[in-house]
Amino acid sequence: MSARPDPVLVVDDLAVHFGARGGLLASKAPPVRAVDGVSFSIAPGETLGLVGESGCGKSTISNAVVGLVRPTRGSIKVRGAEVVGADRSALNDIRRNVQMIFQDPALSLNPRMSVGETVGESVYVRGLARGGALRERVAALLTAVGLRPEHAERYPHQFSGGQRQRIVIARALALEPALVVCDEPVSALDVSVRAQILNLLVGLQERLGIAYLFVSHDLAVVRHICDRVAVMYLGKLVEVAERETLFTAPKHPYTLALMSAVPEADPVRQRSKTRIVLQGDLPSPSRVPTGCAFHTRCPIATERCRFDAPALTPRPDGALVSCHYA
Amino acid sequence: MSDVLLAVENLTVDIGGTAVVDGVSFAMRRGEVLALVGESGCGKSLTAMALLRLLPPAARLAAGRVVLEGQDLAALPERAMRRLRGEALSIIFQEPTASLDPLATVGSQIVEAYRVHRGVTRAEARRAARDMLDAVGIPDAERRLEQYPFELSGGMCQRIMIAIALVCGPSLLVADEPTTALDVTIQAQILDLMRKLVAERGASILIITHDMGVVADIADRVAVMYAGRVVEVAPVAELFASPRHPYTALLLASVPRLDATPKAQLATIEGRVPSPDEFGVGCRFAGRCPLAVQRCHEAPPALADIGRDHAAACWRSADVARLMEPAS
Ligand SMILES: Nc1ncnc2c1ncn2[C@@H]1O[C@H](COP(=O)(O)OP(=O)(O)OP(=O)(O)O)[C@@H](O)[C@H]1O
Ligand SMILES: Nc1ncnc2c1ncn2[C@@H]1O[C@H](COP(=O)(O)OP(=O)(O)O)[C@@H](O)[C@H]1O
Ligand code: SF4
Ligand code: SF4
Ligand SMILES: [Mg+2]
Ligand SMILES: [Mg+2]
């Protein structure tokens with residue numbers, strides 16, 4: 001394998017448990033192990049996809065990376081700077097390098113701020129540009145995301161969902177971050193608009209060399225935009241592989257099930273593929289099964305899987321997989 | 001008996017003086033799965049609510065006929081209509097938790113649905129409810145019948161909704177985005193269940209979705225809606241292979257595919273769906289259509305047969321193949 005440049009993000013043994021200590025109910029309710037020992041890294045200009053069922057911990061990882069959630073243990077380094085335990089001013093420096101795009105553009109914009117104020121705020125607050133220079137910077141950002149400079153005067157409610165997501169993206173790009181965390185950035189959008197935003201994200205990456213941590217439950221979108229993919233189940237990574245490796249030779253039984261469950265927009269392919277229909281629902285992350293957490297739904301689980309937790313180990317083609325039998 | 005189960009003719013729904021559903025017509029055969037697709041706001045849900053006569057207060061059925069097994073539903077007295085709903089005709093909504101009664105056990109909700117229509121004893125109804133839970137793949141039925149909706153996951157609530165919808169053995173199930181709120185693994189279970197329903201009980205399903213993957217998976221035929229009108233109807237394989245309306249073609253090309261080149265430009269549709277006050281006189285897609293010509297702005301194209309079982313509403317449907325060539 002070729003030598004990789006210094007990663008923009010290194011996450012090491014990250015755990016986020018909710019309700020683990022303190023509070024009146026602390027003794028009764030078991031903690032929610034939303035994220036439980038996750039490690040990965042992202043190279044400059046690379047897109048890492050994070051997939052898995054609802055509640056498996058994708059957003060919790062995203063929020064921890066940008067410092068919105070306090071981890072229970074582990075380390076998160078953005079360009080070498082530690083996010084975990086960083087004080088306000090250290091976090092402020094780190095935020096130059098890592099920004100976030102959320103699922104619902106309507107909820108992440110302040111309705112009372114004009115588009116120009118929203119997009120230029122971080123530049124202004126840091127005193128990086130004022131007056132005419134700031135206006136020019138905002139105009140350039142709006143143009144970069146396919147809006148027009150005169151849109152700076154308007155307010156979020158005057159835009160469609162897709163345009164609002166462009167505003168959110170412009171805001172995220174304002175400080176020229178090395179990494180943008182995208183948590184389901186197109187899930188709330190109609191398909192035709194979704195395509196516009198995906199094209200935009202790909203184009204921006206080509207021009208600016210941004211790295212993305214891209215959270216999605218849509219595997220076709222993930223395959224389209226990601227270089228590497230991490231599959232998550234109940235707070236842990238179960239498989240991490242290059243895009244082609246993952247899609248041509250998936251190994252973990254959960255990855256296989258997830259892939260077979262995604263309906264392909266092609267009736268011929270969709271109707272000829274073999275299906276693995278998982279039985280049952282995702283267990284609650286406050287009661288993670290013993291051993292391999294997937295054993296309650298795994299079609300090939302054995303007695304061993306009920307008490308012996310597999311570790312994420314490398315395979316000949318470079319994939320990391322956590323299963324005794326895959 | 002004819003094999004046409006449902007014929008919707010010229011269905012028109014009016015909100016505040018504009019036709020948000022405008023002259024929608026389609027037919028369904030027995031045992032068929034018809035998908036109604038289109039982007040949000042194009043009138044899919046109002047079409048479904050209109051044919052079930054469950055329109056919101058702001059909306060009015062302005063014209064049209066809905067003929068189910070020879071009977072015009074639009075002309076039926078409300079009492080007869082109520083009896084029909086849940087018996088010959090059932091509906092599943094997008095948000096399962098919102099449509100279940102939070103204060104009643106799952107069992108009592110299924111039992112009620114059954115007794116209202118069948119007039120059987122409680123014990124018989126309970127047996128039917130238990131069988132139904134088995135049929136929709138909910139294990140441990142006896143215990144589940146005693147539980148309340150909040151004790152169940154979203155996927156289970158959706159299966160309960162399906163159980164209620166199916167307990168009387170309807171000939172038509174209308175499912176409005178039945179899996180949109182669910183994870184793909186649970187979606188796969190629900191789609192399998194619906195497939196089984198058609199195969200084993202000969203039911204027909206009108207499924208509303210914006211997910212082309214779901215369409216490819218379950219539909220026999222597809223009706224594409226745009227801005228309140230049906231713009232194309234075709235068998236599923238033909239629609240995906242050779243769409244004849246530009247909107248359909250672009251919609252299909254804008255979805256990332258598992259066999260396409262990663263990071264390649266996706267087709268996009270410029271602009272947005274017009275709101276009812278922007279409809280104009282011509283083709284409603286004209287403002288966004290790469291094939292639009294003068295005529296398109298002046299006169300609306302009618303939904304016309306362009307092949308066996310295939311209809312499109314476009315003046316230039318013969319030129320649409322050109323849009324399907326991969327973008328450079
Ligand atoms: N602030 C919190 N307090 C308590 N529990 C939380 C909190 N935030 C998340 N959780 C729980 O942690 C688990 C992981 O949640 P998370 O939001 O990371 O999931 P996700 O993978 O992003 O799911 P989705 O696909 O639905 O967005 C869930 O069980 C969730 O209920
Ligand atoms: N209760 C209502 N009051 C006013 N307008 C409505 C109502 N329900 C739907 N509409 C409008 O009717 C149009 C079609 O809506 P709908 O059938 O819900 O679309 P879809 O299901 O295709 O997303 C939209 O413009 C929508 O805003
Ligand atoms: S370790 Fe066992 S239960 Fe876990 S995925 Fe592998 S076979 Fe399945
Ligand atoms: S009628 Fe004209 S504007 Fe409408 S879809 Fe056809 S070519 Fe496009
Ligand atoms: Mg999330
Ligand atoms: Mg709807």
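Chain identifiers are assigned alphabetically (A, B, ...) following the order of the sequence lines, protein sequences preceding nucleic acid strands; residue numbering begins at 1 within each chain.
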Using non-hydrogen atoms and a 4.5 Å limit, figure out which bit of A:Val268 sits close to chain B: side chain, backbone, both or neither.
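Neither part, no heavy atoms under 4.5 Å.
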Under 4.5 Å from any heavy atom of chain B, what part of A:Ile225 do you find: side chain, backbone, both or neither?
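It is the backbone, since no side chain atom gets that close.
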Residue pair [X] / [Y], side-chain heavy-atom distance below 4.5 Å:
{"X": "A:Tyr254", "Y": "A:Leu234", "answer": "no"}
{"X": "B:Thr105", "Y": "B:Leu145", "answer": "no"}
{"X": "B:Phe285", "Y": "B:Pro246", "answer": "yes"}
{"X": "A:Ile210", "Y": "A:Leu173", "answer": "yes"}

Is it the side chain or the backbone of [X] that comes within 4.5 Å of chain A heavy atoms, both, or neither?
{"X": "B:Val215", "result": "backbone"}
{"X": "B:Ile138", "result": "neither"}
{"X": "B:Glu39", "result": "both"}

Chain B contacts, top residue of [options] (heavy-atom pairs, under 4.5 Å):
{"options": "A:Arg271, A:Gln163, A:Arg297", "result": "A:Arg271"}
{"options": "A:Arg223, A:His217, A:Gln270", "result": "A:Arg223"}
{"options": "A:Asp266, A:Leu201, A:Val221, A:Val202", "result": "A:Asp266"}
{"options": "A:Cys226, A:Pro267, A:Ala195", "result": "A:Pro267"}
{"options": "A:Gln205, A:Arg243, A:Arg194, A:Glu244", "result": "A:Arg243"}
{"options": "A:Gly162, A:Ser284, A:Ala257, A:Ala261", "result": "A:Ala261"}

Using only atom types and a distance under 3.5 Å, with no angle test, would you say the side chain of B:Asp183 pairs donor to acceptor with the backbone of A:Ser54?
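Judged by distance alone, yes, a pair lies under 3.5 Å.
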A:Arg306 atom CZ, neighbour heavy-atom count above 12 within 6.0 Å:
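Check fails, neighbour count at 12 or below.
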Is the CZ atom of B:Arg143 crowded by more than 12 outside heavy atoms at less than 6.0 Å?
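Counting neighbours around CZ of B:Arg143, more than 12 heavy atoms of other residues, nucleotides or ligands fall under 6.0 Å, so yes.
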Tell me whether the rings of B:Tyr247 and B:His245 are parallel (<30°), tilted (30 to 60°) or perpendicular (>60°).
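Rings of B:Tyr247 and B:His245: perpendicular, over 60°.
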Top contributor to chain A contacts, counting heavy-atom pairs under 4.5 Å, from B:Ile269, B:Asp217, B:Asp192:
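Maximum pair count with chain A is reached by B:Asp217.
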